[in-house]
Amino acid sequence: MFFDLDFALKSFPEVLGGVPMTLLVTATSILLGFALGFLIYSLQARKRRWLTALCRLYVSVVRGTPLLVQLYIVYFAVPPLLHTLSQRYGLPLKVADIPPLAYALTAFTINTSAYMSELIRSALSSVEAGQMEAAQSVGMSAWQSYRLIILPQAFVEAIPNIGNMFLGLIKGTSLVYTVKLVEVMARAKVLAAYGLRYIEVYLVASLIYWGLSICFEILFKKLEQVLRVGSRKLKAI
Amino acid sequence: MTKAENGTDSTVMVTLRGIHKSFADNHVLKGVSLSVNQGEVLVIMGASGSGKTTLLRCINYLERPNEGEITVGGFTVRGGRAPKRDILVLRRKTAMVFQHYNLFANKTALENVLLGQTVARKTPKEQARELSLRLLERVGLADKINAYPSELSGGQQQRVGIARALALNPDVVLFDEPTSALDPELVGEVLDTIKSIAAEGITMIVVTHEMSFAREVASRVLFMDEGAVIEEGEPQEIFTRPREERTKKFLRRISADWDYNI
């Protein structure tokens, strides 16, 4: 039999059990990546030449290398480095105890932050300059202007792009099985090897990724609708 | 520290002294000085590129003057490197109505009028709300308080902009070509609103091309060309007997435009 439906159905709940880990890695990297990305953006906006150059280099390197390579570098290069450091300075650090999740999150956060800093820049520049001028003209401080006027508008503009990034990351997390993290893809691989039924299990994994993507696509659409208050149409004239 | 020449020190609201402004190599303002008394409506006219909008934007430091001194309601800020705190104080003594309205796009009409009071001036919410509602009614938008800017026509947006400026109870309201982005049929409603608040004795500086408005409302008209004031006087005087050749030329040109519009 080319396709064993029974095996596929039986493996479904098992693979589905990897979803929490997949979402944990995705959501955490988006949040931490946003914070780091914002930091990079604000350093870049300071207009110190060397700082700007440094940030540009960071963004360029991170965006220009594969995520898998970044994951490997963090996973294989950081432990010996930490080990050496902790020995030299006598830090009470047990490198072997660092969970794989920490490496995965580090790599994904770095990767996301580079894209985020660009996303934040374009979202902020999409808000008309007149909005800032108006805020200043009524006597708001810079912080008040950003908090009340600029950031809410920029965030709405950024939602579709954040959504894209989120969907990309959900699928990108399928790489973390390479650093011994057990999520959807890792579970699928184990099951497939165990039952020698590859097509079935990978099909199940694909459906799960697809399902997740659809859910979050809808979620981000809704979020945008709710937050985009300014362009609400009049119900009755 | 105002000029004592006419003995009306206490009523001088705005004084500019020797304002210079350059954008890179472009010397836009070449030492402009002027003063506006309380309750006066000063209209600034001039060809585009004459520096009139830049001058207006220097008054609330949306443009940083390179040199000179700005005094509004007794508070003085110098050009060059003014401390942020001083700029904030200056801005809280002024209000601006923009050419492209610049209403806060994510806020309703009411919130637009309210925010400057509650956030920047720390007026109690209830008091601010009351004043906002009164002002929106005053500009004829009592039924639009919950509308977002995108749901309003240009004329309505600009009237919200005027209410937003008045809500701050500023020492001077700066109007930057308030009708030039409007469809012709909407210009009237905005000009009428400005006229009626001028009649209340609010100090205003208005950059505009609307000659008939200037003739009717201005206490004084000031002509600028190439970054300097070339002529100033009462509207009747200046429109009927301009002394400077450049003023005459400008007036002829905008009168011609006027004819074409009809």
Side-chain angles (χ1 to χ4, degrees), chain A residues 38 42 45-49 119-163 220-237, chain B residues 56-57 59-63 84-85 87-109 111-123 143-144 146-153 157 160-161 164-170 173-176 181:
Chain A
F38 198 83
S42 34
R46 286 233 172 149
K47 291 186 176 143
R48 295 263 168 76
R49 209 177 298 166
L119 186 153
I120 289 167
R121 190 181 53 76
S122 84
L124 284 173
S125 65
S126 76
V127 180
E128 280 177 54
Q131 295 287 312
M132 187 59 164
E133 291 186 350
Q136 291 180 326
S137 83
V138 301
M140 288 190 202
S141 66
W143 165 238
Q144 289 169 335
S145 315
Y146 271 104
R147 184 166 57 89
L148 295 166
I149 307 302
I150 310 297
L151 291 179
Q153 291 184 48
F155 186 63
V156 175
E157 288 307 315
I159 288 174
N161 288 329
I162 295 177
F220 277 102
K221 274 251 160 62
K222 276 268 171 285
L223 186 66
E224 189 186 349
Q225 271 170 16
V226 170
L227 291 179
R228 196 180 280 279
V229 285
S231 54
R232 221 159 41 185
K233 290 281 163 284
L234 275 184
K235 284 180 203 91
I237 298 171
Chain B
L56 196 73
R57 289 163 59 85
I59 299 175
N60 65 353
Y61 240 84
L62 282 186
E63 299 298 350
K84 266 190 195 150
R85 204 165 356 103
I87 297 174
L88 207 56
V89 174
L90 180 73
R91 286 189 181 143
R92 288 176 183 179
K93 285 176 168 293
T94 60
M96 189 172 236
V97 175
F98 294 87
Q99 181 176 4
H100 297 286
Y101 336 128
N102 296 4
L103 295 187
F104 305 131
N106 57 332
K107 301 286 174 190
T108 63
E111 289 167 335
N112 263 277
V113 182
L114 203 67
L115 266 183
Q117 303 173 68
T118 53
V119 174
R121 296 188 195 203
K122 308 281 179 228
T123 314
D143 55 337
K144 297 284 186 196
N146 291 319
Y148 285 92
S150 57
E151 300 164 342
L152 299 171
S153 73
Q157 288 188 54
V160 175
R164 175 173 73 179
L166 292 178
L168 304 168
N169 191 24
V173 183
L174 312 168
F175 290 84
D176 182 13

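These numbers come from a predicted model, not from an experiment. Proteins get letters first, then strands, A, B, ... in listed order; numbering begins at 1 in each.
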Is it true that, when you exclude [X] itself, more than 12 heavy atoms of the residues, nucleotides or ligands shown sit nearer than 6.0 Å to its [atom1]?
{"X": "B:Lys122", "atom1": "NZ", "result": "yes"}
{"X": "A:Phe155", "atom1": "CZ", "result": "no"}
{"X": "B:Arg121", "atom1": "CZ", "result": "yes"}

Straight-line distance of A:Leu151 CG to B:Asn106 CG, nearest 0.5 Å:
10.5 Å
Rounded to the nearest 0.5 Å, what separates atom OG in A:Ser137 from atom CG in B:Leu174?
9.0 Å
Between A:Gly139 and B:Ala120, what is the shortest heavy-atom contact and its length?
O-CB, 3.2 Å
Ignoring hydrogens, what is the shortest heavy-atom contact between A:Ala134 and B:Arg164? Give both atom names and the distance.
CB-NH2, 3.6 Å
Where along residues 124-131 of chain A does a heavy atom come under 4.5 Å of chain B, listed by residue number?
A:Gly130, A:Gln131
Name the region of B:Phe104, side chain, backbone, both or neither, that has any atom closer than 4.5 Å to a heavy atom of chain A.
both
Which atoms of B:Leu103 are under 4.5 Å from chain A, going by heavy atoms: the side chain, the backbone, both sets, or neither?
backbone
Between A:Met132, A:Met140, A:Glu133, A:Gln144, which shows the greatest number of heavy-atom pairs under 4.5 Å with chain B?
A:Glu133
Is the backbone of A:Val138 close enough, under 3.5 Å, to the side chain of B:Asn60 for a donor and an acceptor to pair up by distance?
no
Whatever's closer than 4.5 Å to a heavy atom in chain B on A:Gln136 counts as both
Return the set of residues passing salt bridge (Lys or Arg N to Asp or Glu O under 4.0 Å) with B:Arg92 (not counting sequence neighbours), or none when no residue passes.
none
